[in-house]
Every structure is written in structure tokens, then in C-alpha cells.
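Written out below as C-alpha cells is the structure these notes cover.
Here is the naming used below: chain letters follow the sequence lines, and residue numbers restart at 1 for every chain.
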There are 2 protein chains.
Amino acid sequence: MTTMTEVAQAAGVSVMTVSNVLSGRRRVSPETRKRVLQAVAELDYQVNLTARNLRYGRSGSIALLVPQFDHAYFGALGARVARAVADLGRQVVVEQTTASQEGELSALSLARLHMYDGAIFSVVGLREAELDKIRDSIPIVLLGEREVPARFDHVMMGNIEGARLAVEHMLNRGSQRVLIAGGRLGQDPLGMSRARTLGWLTAHNEAGIPADENLILRMGQLDIAHARREVAAAVAADPGIDGVFGVTDDVAIGALAGLRDAGRQVPEDVQVVGFDNLEIGAHIHPELTSIDPSSDWIVDNAVRLLQARMSDDPPSEAEHLVSPVRLVERGSTRRDG
Amino acid sequence: MTTMTEVAQAAGVSVMTVSNVLSGRRRVSPETRKRVLQAVAELDYQVNLTARNLRYGRSGSIALLVPQFDHAYFGALGARVARAVADLGRQVVVEQTTASQEGELSALSLARLHMYDGAIFSVVGLREAELDKIRDSIPIVLLGEREVPARFDHVMMGNIEGARLAVEHMLNRGSQRVLIAGGRLGQDPLGMSRARTLGWLTAHNEAGIPADENLILRMGQLDIAHARREVAAAVAADPGIDGVFGVTDDVAIGALAGLRDAGRQVPEDVQVVGFDNLEIGAHIHPELTSIDPSSDWIVDNAVRLLQARMSDDPPSEAEHLVSPVRLVERGSTRRDG
DNA sequence: CTGAAAGCGCTAACAT
DNA sequence: ATGTTAGCGCTTTCAG
């Protein structure tokens, strides 16, 4: 590996001059500059960013930590963050938090954070206790539907309101028994499933319809294949089900398949609403009615908060934001009651 | 930021002892060990990996460079690579190559590679000339459907054979006019679209059916929304079309939507086959027949090649592998002719 | 405008 | 079993 010293020797100058040419931090005379660049080209030199970063004390890149790579939502998230962060002249690198291991935030992965100037951390499988281990680390903004320690900036979706809207919509359009696929009751941890189940409850209360807890379909994994199987089984066991709220679009898409398997027509027999408003939902059949969580809003705010926290005088108080949500009506729900 | 020196002072030992306790490289007496760990805990110390990596000369992580985050295929790729690389005790970080900028491989992003022990590089928008700029850099394995300089290890999909299989299948099942959505004729660059169009041609030749070049639907972007619009327009303009080969599953899924928009039944009026065998394809309606490119095989080989290249005596010759492909038959094609 | 010395935080190699 | 010295490759500071 060529080093700056070798370039300096080849060009007959000091390392400092090479450094200055490459970083542009100080003026260098055109001639020496030319000699240096020529040596750089001949030796095929490239700066060692590890060394530079050690000296600088920063790296120019920010990390996005997601629980899974192979999930449409996190892919979209990454793309949005990259776009927002490019304007700041920084690079995004995405790492997968080796999801839900006993020590998800192992000592090592915690130390890795120091290699970045800041991090956006999508917390899913993380317990609050583990989050508390992150102390005087780098600037961090949390994303995700979990309860987090108050000292962190945090942006989350309007889970309760979104779920309420989704279920209200189906009840308005004539559904009586709305299954919540991937729902979950109970206190701790107050995660996404629980929050959205709360919205499901609220919609029932507001509509004056008793919420039947048997309609809460707990799921081990919130993926398409599981949802398909379990929703098909659920409607077979309870033929009265005439609406399904999937706690994510993946679950809702699986539900559509499961209902097909069970011989139910959507939206005539059963209405379906999802949550996330993934692009694919607009292009399948029937097109999926979904809750749009304002992902752009979420990312813009996360980047703004991160930028503030990385600035010279970071805010003393952490912000906790909840994104606005809206229902995007498509073919998986009926036009009228 | 706490440093190792501070920990050493707090524990009343030398920095070397702290280093030894934390890295486990040398034996340390239980008592001092305990004192050190206590100081580490009290000061909330974490090693500076930038410094450690500079000293070590390696980073323990490998990079996966993809053109886009928000694409199901690259998400799945990332997940597979992470799994395969975890066994080697290494971390994967994913970066987005700021796709198709004039200087996609800017000097800086090239330099960034040095921060990793190796890289798997999914080349899509990259010209061969740009790839040639990567010289005595770190070990690299290329992925993707493009022609690459021979000195690189390269794993690609069986594009021609896969496309041939897809189109042969539709011709066997009675299609006469098979549109290739996202196809492209011409020499340079020999990219994915071109290779798959070659397979489309081959299938026609083998079946003794003349290939009508009007059935090659070029697309600016290979995404669902574009495919939907352009396929709908294509079948409106040419009602004789009775088969669509989408060069990717995204394109095929868009084609399904476009055909629906145009009032065509799949598979009765028009058969559809995609390429990638994304998970979602098995769960939409109609279920998408697709070419499985053996993604696991691709990733396993890429990781194997990378490992070999990172080893003490790297192979002198580069390998160029083509993945086996197979047709996965589902509901978007007919059971018989 | 250019150079020499010092040091970012850590660990390999050599003491003790 | 622990400590001291030197240096990874770069840039900041201080001189010229």
C-alpha cells in the first residue's frame, strides 16, 4: 500500500506538501502542486482514511443501523437517509444490528459507533435497558415504535392514530369483525404491535362496537409468509371475520394471499388495510389500502435532529416527535358501507 | 471521549495492560484485570476502533457496495452477505454507490474502500473504464450482469439461459408474441437487459419462431411504476401480445398491473414471467412465474472468492462464475399449451 | 509558500 | 505479569 511519504519522496517534497495538495487546506505553488499530483498518479496513491480520520477526530460518515436489510421498509429508509445526508456532504453507511441476539448491542458494535460522526438507529428488537448502555457516545437519533430513554432524540410513526384511522375506515365501510393481524395486548415492551392494537381498540370504542380480544392475532414473525398462513387459519376458524388490519404492509399483503387461499373476496367479503404504504401496495391486486406514515417527514426530521446534535452547541433537551399519518384509500377496502 | 490512557491512570496501570485486558492478547493477573475492568466501567470507556484499525492495518469489516438501497434484490443480497460473512467473524457494512453520477467512483469513494478488508461490489451503472480505475486496492469481488475487466473475480447470474428458459416456457405454453419488457438490443455496454434480450432471441430461434424486434420494449427505468405504464401502452398498441417477459420481477409485477389496467387476463390472455424470484412474487395474484437466479449460490461464491483473495496467498487467476438458473412455475403462466 | 516536529489512540516488539 | 519505546499514516502547530 503506497503511503504519503513515498509520494513525497517521489515528488521531492515533504509529506506536508503532499497533504496540502490533497486536502487543499493550504496554498501550494502550481509547479510543486503539479509534481505532487503526477507522483500521486504514477504511484496510484490514495489517502488512508483511517489515518486521516484518527487525526481529524471525525470520519465524515454517519451510520444507519437497521435490524434487517431484507425488508422493503428499511431499504426505503436507507435511500431516504442517503438522499437527505448527501446534501450535508456526508456518506451514509448501513449496518445491520445482528437483530435480537441476547446482546444486540454487544460491546463491539457499540464501539463501532465511534467510527461515525453520528448515527440514526432504527430500534426494533431493542430493550430500553440495552439502549441505556449507550452513554456519552456519538450523536444518535432513534427511530422506531418503541419506548426509549428520554435523553435520546426520537422520531416515531403515529402508530395509535394510524391504526385508529385504518380500523375506523373499515368499520365505517361496514366491517363488523376486524381482525388485527400481528396485534398484541399487554404492557411491556410498548412496541409497535401494542401501539397499533391500542389504535384498533380506540376505533372500536369510538364506534361503540365492542372489541373482541379473540380478533387479536398474535404473530411470531411479521412477514408475508407467516401472515398468509395464519390469516387463512384465522378466517377458517372464525368465518365471521369481515375485515383485516395488518399491522404492517407485509402482513397485509400476506393477509390478502391468505384470504384468497381461504376463498374470501377482497373487498366484498373482507376488507384489508395495511400500515407503511409501501410502493408495491399500489401495484398488486387488489390494490392495498394503507396508512401512510410520512416516511419522508420522519427521515427529514431525524436528519435535522442529528445535524443539530452534531453541531457545535447541541440542544440540551431531546426531542420526541410523532409523524403525521393519513389513510391512502385503494381497492382493498370498499367505497361505501 | 475517554481514552485508554485515562483508564490506565484510573486503574493505576500502564496503557499496555489495559490494552491486554481488552483485547485478551496477553495474560493479565485476575486482580489487575478486575481493577482495569472496573475503571473501564466507571469511565464508560470504549476502544477507539479507528486507532486500533490504523495500528492493526485491517478493520474486520467488509463492504457491500450496491447501486440502490431501496430495491428488494439488494436488500436480500445484503441479508445473505451478512449471514455468510458473520461466520467469518466479520461485519458487513453497506454503502450506496451514488449511482450513475458522472464520477460514480469518485476519488473519495475509492479511498473509502481502504477502510475495509474487502469489498463485494454490485456493479450496475458502472462502465468498464471506471472499474479499471480500481487498481491495487483491497480485495474485491464483483457482482452483476455487466462485462468486467478480466482481472476481477466476478459472479453473475445465468442471464441468457434464464431468459431463454422464461421465453421458451411461454412459447411452449402457447404464446406467440412475447414482449420483453425492459429489453434492449445493441452491443455496448453488454448489460443485463442486453443479455436477457439475447436469451429471448435464442428461445425464438430454437422454437423456430421469428423474433419481432418490435416486441423489445426498452425502458428508461426498470421499476414497477414505469413497467406498469409502458406495458399497458404496449398491449394497447399491439393487441396481439400474448406473453410478457419482464427482465426483472419488478418489471414483471408492473407488467401484471399494466395488463390488468388494459383489461387483459393473466395467464389466460397473456402469460407473464419475471426474473429474480423475489419472495413477494409467490404471494401476489396471480402468483408470478419467475427465473430463480440462485442468489444463495451467488453470495456463497462471492464470499468464498473474497475470502480466498483476502487470504495469505491469494489466487493468481481471477474466477468468472455464472450462476445456475431454474424456472419456478406459478400462476402467471398456463399449465398447458 | 514549504518544512520539521509532535501527536491523534492504539498495539507489536522488546524490556524488566 | 507488567512496563517502555516506537510507530501505524496522517495533519496540526510552529518555524523558516
statement: Assign each of V13(B) and A51(B) the nucleotide of DNA chain D bearing its closest heavy atom; nearer the 5' end lies the nucleotide of V13(B)
- request: Select from T50(A) and R27(B) the residue whose nearest nucleotide in DNA chain D is closer to the 5' end of that strand.
  value: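 Nearest-nucleotide comparison on DNA chain D picks R27(B).
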message: Quick one, I120(B) with V85(B), criterion side chain to side chain contact (heavy atoms under 4.5 Å, CB included). Give me CA distance, side-chain angles, the key distance, then yes/no.
response: CA-CA 11 Å; I120(B) 295 177; V85(B) 155; 5.6 Å; no
To the nearest 0.5 Å, how far apart are [atom1] in [X] and [atom2] in [Y]?
X: L64(A); Y: F121(A); atom1: CG; atom2: CZ; result: 10.0 Å
X: R33(B); Y: N20(B); atom1: CZ; atom2: CG; result: 10.5 Å
X: L49(A); Y: M115(B); atom1: CG; atom2: CE; result: 5.5 Å
X: I138(B); Y: I62(B); atom1: CD1; atom2: CD1; result: 8.5 Å
X: M4(B); Y: T17(B); atom1: CE; atom2: OG1; result: 10.5 Å

Expressed in angstrom and rounded to an integer, what is the separation of [X] atom [atom1] from [N] atom [atom2]?
X: L54(B); N: dC10(D); atom1: CG; atom2: C1'; result: 8 Å
X: E6(A); N: dC8(D); atom1: CD; atom2: P; result: 11 Å
X: L49(A); N: dG9(D); atom1: CG; atom2: C1'; result: 11 Å

Side chains of [X] and [Y] in contact at under 4.5 Å (non-hydrogen atoms):
X: E95(A); Y: S61(B); answer: no
X: N48(B); Y: H114(A); answer: no
X: V299(A); Y: W297(A); answer: no

message: Can you pull out every ring pair (Phe, Tyr, Trp, His ring centres under 6.0 Å) where at least one residue sits in residues 51-92 of chain B? Sequence neighbours excluded, please.
response: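 Non-adjacent pairs meeting ring pair (Phe, Tyr, Trp, His ring centres under 6.0 Å): H71(B)-F74(B).
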message: Can you build the contact string for nucleotides 11-16 of chain D? Use B for base contact, S for sugar-phosphate-only contact, and - for no protein heavy atom under 4.0 Å.
response: BBBB--
- prompt: Is a side-chain donor or acceptor of Q9(B) paired with a backbone partner of E6(B) at a separation under 3.5 angstrom?
  reply: no
field: Where at least one partner belongs to residues 294-322 of chain B, residue pairs that pass salt bridge (charged side-chain N to carboxylate O under 4.0 Å, His left out), sequence neighbours excluded
entry: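 Qualifying pairs: R80(B)-D296(B), D153(B)-R309(B), R304(B)-E319(B).
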task: Output the residues of residues 29-42 of chain B in contact with DNA chain C, where contact means a heavy atom of the residue under 4.0 Å from an atom of the strand; sort by number or write none.
output: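 Residues of residues 29-42 of chain B that come under 4.0 Å of DNA chain C do not exist, since none gets that close.
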message: With heavy atoms of chain B within less than 4.0 Å as the criterion, where does contact along DNA chain C begin and end?
response: dG9(C) to dC14(C)
query: Bend angle of the helix from dC1(C)-dG16(D) to dT16(C)-dA1(D) from five-pair axes at both ends, rounded to 10°?
result: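 Axis-to-axis angle, ends of the helix: 40°.
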message: Could you go through V93(B) and R112(A), starting from their C-alpha distance and side-chain angles, then the distance that decides it, and tell me whether this counts as side chain to side chain contact (heavy atoms under 4.5 Å, CB included)?
response: CA-CA 11 Å; V93(B) 320; R112(A) 289 187 61 81; 3.4 Å; yes
